[in-house]
J.: 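My structure is below; once you've seen it, I'll send some questions.
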Amino acid sequence: MKRSLIAPENRAAVRDSLGVGVAVGAYGFAFGAASVAAGLSVLQTCLLSLLAFTGGTQFAVVGVIAGGGSPGAALAGGLLLGSRNTLYAMRLAPMLRVRGVRRLVAALGTIDESTAMAVAQETPELGRVAFWWTFGGVFTFWNLTTLLGGVTGSLIDPAAVGLDAVVPAAFLALLAPRLRTGVVERRIAVVAAVIAFGLIPITPAGVPVLASCAALLVAFQLGRPR
Amino acid sequence: MSLWTLVLLTIAGCYAFKLAGYLVPERLLGRPVVRRVVELMPVALLAALVVVEAVADGHHWHFDGPRLAGFAVGAFATWRRAPFVVIIAAAAATAAVLRLVT
């Protein structure tokens, strides 16, 4: 099978990369179900996973819609969250050295997981292996489970299976690694949480999330860290 | 804006952000301030999303017992560095079981 095609020195990177892909699959199921519960069709839900292919953004978009926010607010929140992929691409570009169609495909696969796995490798060669295998693994499972969640999600009551508790827990799980990296991150998170909490009853849905970006001022008040 | 417009603009915007990093010369986006803002923005947005998804219903506070309990169990699992599947399953099971028995 495939395994014989993989050079021995690449096997550890490939195994880790596919492991990440499988783990993310569970999250895709939650996204599919949440998206359909928010009122998007199964087709719209699957197109987001296939072509937007960036989990945090996708969850933010359907989260704002589910909370009664306007599509404009959902789009703004989703795109702000998606802007970090530009930085990932800048970090990966010198390592991947892709041109033409391969660059267009690599761009689609530039996400949290593929970047993290690629930059964690010891050599650029292993970095490229990790990027493509993580991208392939996450893409495969993410889209399969999105479809599964979207189809079965419309058959079940989201609250009865606890989906409403899954969404904030999933966001926290995405946030956790960043909270562990430094005190600036933790302060920003606390200030952003307070801003969002305070604005919930006085602004339209979607606005508390966007306004939380004001918490970034904390980072600059503390001077230039690192 | 319709849901279809939202879906298509989200796709176009997300892809453009990704591709930009491969096309734009590093010196344009590589300024430390820009880099820092883009790096830290997800922290603020995700923290706000956690709060909104946990305690908001539309633009009202809504403190729902099973939802908060499920979230708390999920948060504990996150703190214990449990795998993603475990975090999600624990949060869902807690909320679902509490709704079943109350």
Side-chain angles (χ1 to χ4, degrees), chain A residues 23 26-27 30 40 44 47-48 51-52 54 57 60-61 63 67-68 71-72 74-75 78-87 89-90 93 103 107 110 161-162 164-169 171-176 178 185 188-189 192-193 196-197 200-201 204-205 208-209 212-213 215-216 219, chain B residues 1-7 9-11 13-15 17-22 26 29-30 32 35-61 64 66-67 70-71 74-75 78 83-85 87-88 91-96 99:
Chain A
Y27 195 37
L40 277 75
Q44 289 168 334
L47 282 177
L48 279 176
L51 299 174
T54 179
T57 295
V61 166
L75 180 67
L79 289 185
L80 278 176
L81 209 45
S83 64
R84 71 190 186 285
N85 290 328
T86 304
L87 281 190
M90 287 169 56
R103 180 155 69 184
T110 302
V161 294
D164 55 338
V166 164
V167 178
F171 277 125
L172 186 64
L174 280 178
L175 177 61
R178 296 168 190 271
E185 280 81 354
I188 288 175
F197 185 83
I200 286 168
V209 173
S212 73
C213 286
L216 287 188
Chain B
M1 194 191 294
S2 75
L3 282 181
W4 266 116
T5 313
L6 169 64
V7 167
L9 287 179
T10 301
I11 288 170
C14 285
Y15 188 74
F17 272 129
K18 292 172 174 179
L19 192 60
Y22 290 91
E26 189 156 352
L29 283 167
R35 194 172 275 265
R36 196 78 184 131
V37 166
V38 178
E39 260 172 18
L40 291 174
M41 201 151 54
V43 175
L45 290 169
L46 289 170
L49 283 162
V50 170
V51 170
V52 168
E53 295 293 337
V55 302
D57 180 15
H59 64 113
H60 301 283
W61 285 319
D64 177 79
R67 174 165 66 160
F71 169 63
T78 305
F84 211 90
V85 187
I87 294 168
I88 285 180
T94 305
R99 287 209 174 97

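Just so it is clear: chains get the letters A, B, ... in the order the sequence lines come, proteins before strands, and each one is counted from 1.
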J.: Which heavy atom of Ala95(B) sits nearest to which heavy atom of Gly162(A), and what is that distance?
T.: CB-CA, 3.7 Å
J.: Under 4.5 Å from any heavy atom of chain B, what part of Arg84(A) do you find: side chain, backbone, both or neither?
T.: both
J.: Pick one of side chain, backbone, both or neither for Val161(A), based on which atoms fall under 4.5 Å of a heavy atom in chain B.
T.: backbone
J.: Are Arg99(B) and Asp164(A) close enough, and set up right, to give a side chain to side chain contact (heavy atoms under 4.5 Å, CB included), and what steps lead you there?
T.: CA-CA 12 Å; Arg99(B) 287 209 174 97; Asp164(A) 55 338; 2.6 Å; yes
J.: Which pair of heavy atoms, one from Gly63(A) and one from Glu53(B), lies closest together, and at what distance?
T.: CA-OE2, 3.3 Å
J.: Can you tell if the side chain of Trp4(B) reaches within under 4.5 Å of the side chain of Leu47(A), non-hydrogen atoms only?
T.: yes
J.: Give the member of Thr57(A), Thr110(A), Leu40(A) that has the highest number of heavy-atom pairs under 4.5 Å with chain B.
T.: Thr110(A)
J.: Is the side chain of Trp61(B) donor-acceptor paired with the backbone N or O of Phe197(A) at a distance under 3.5 Å, no angle test?
T.: yes
J.: Using every non-hydrogen atom in the two residues, find where Ala52(A) and Ile11(B) come nearest and quote the distance to one decimal.
T.: N-CG1, 3.9 Å
J.: Give a yes or no answer on whether the side chain of Thr86(A) reaches the backbone of Phe17(B) with a donor-acceptor pair at less than 3.5 Å.
T.: yes
J.: So which residue, Ala192(A), Ala107(A), Ala196(A), ends up with the most heavy-atom pairs under 4.5 Å with chain B?
T.: Ala107(A)
J.: Among Gly68(A), Ala193(A), Gly78(A), which residue has the highest count of heavy-atom pairs closer than 4.5 Å to chain B?
T.: Ala193(A)
J.: Is it the backbone or the side chain of Leu216(A) that comes under 4.5 Å from a heavy atom of chain B, or both, or neither?
T.: side chain
J.: Can you list the steps and then say if Leu81(A) with Leu49(B) is a side chain to side chain contact (heavy atoms under 4.5 Å, CB included)?
T.: CA-CA 11 Å; Leu81(A) 209 45; Leu49(B) 283 162; 3.9 Å; yes
J.: How long is the span from the CG atom in Leu174(A) to the OG1 atom in Thr78(B), to the nearest 0.5 Å?
T.: 9.5 Å
J.: Mind ranking Cys14(B), Gly13(B), Ala56(B), Pro83(B) by heavy-atom pairs under 4.5 Å with chain A and telling me who comes out on top?
T.: Cys14(B)
J.: For the interface with chain A, which of Thr5(B), Asp57(B), Leu6(B) has the highest count of heavy-atom pairs at distances below 4.5 Å?
T.: Leu6(B)
J.: Quick check for you: among Ala75(B), Ala96(B), Ala54(B), which has the greatest number of heavy-atom pairs under 4.5 Å with chain A?
T.: Ala96(B)
J.: Find the one option among Ala176(A), Gly72(A), Ala173(A) whose heavy-atom pairs under 4.5 Å with chain B are most numerous.
T.: Ala173(A)
J.: If you apply the rule side chain to side chain contact (heavy atoms under 4.5 Å, CB included), what do you find for Ile200(A) with His60(B), and how did you get there?
T.: CA-CA 6 Å; Ile200(A) 286 168; His60(B) 301 283; 5.7 Å; no
J.: List the atom of Phe71(B), the atom of Ala169(A), and the distance in Å for their closest heavy-atom pair.
T.: CD1-N, 3.6 Å
J.: Does any N or O in the side chain of Lys18(B) come within less than 3.5 Å of the main-chain N or O of Gly82(A), such that one atom is a donor and the other an acceptor?
T.: no
J.: Would you mind checking which part of Tyr22(B) comes under 4.5 Å of any heavy atom in chain A, side chain (CB onward), backbone (N, CA, C, O), both or neither?
T.: both
J.: Can you tell me which portion of Ser83(A) sits under 4.5 Å from chain B's heavy atoms? Options are side chain, backbone, both or neither.
T.: both
J.: Could you measure the distance from the CG atom of Leu46(B) to the CZ atom of Phe171(A)? Nearest 0.5 Å is fine.
T.: 7.0 Å
J.: Locate the shortest heavy-atom distance separating Ala215(A) from Ala44(B); write the atom from each residue and the value.
T.: CB-CB, 4.4 Å
J.: For the residue pair Ile188(A) and Leu40(B), what are the closest heavy atoms and their distance?
T.: CD1-CD1, 3.7 Å
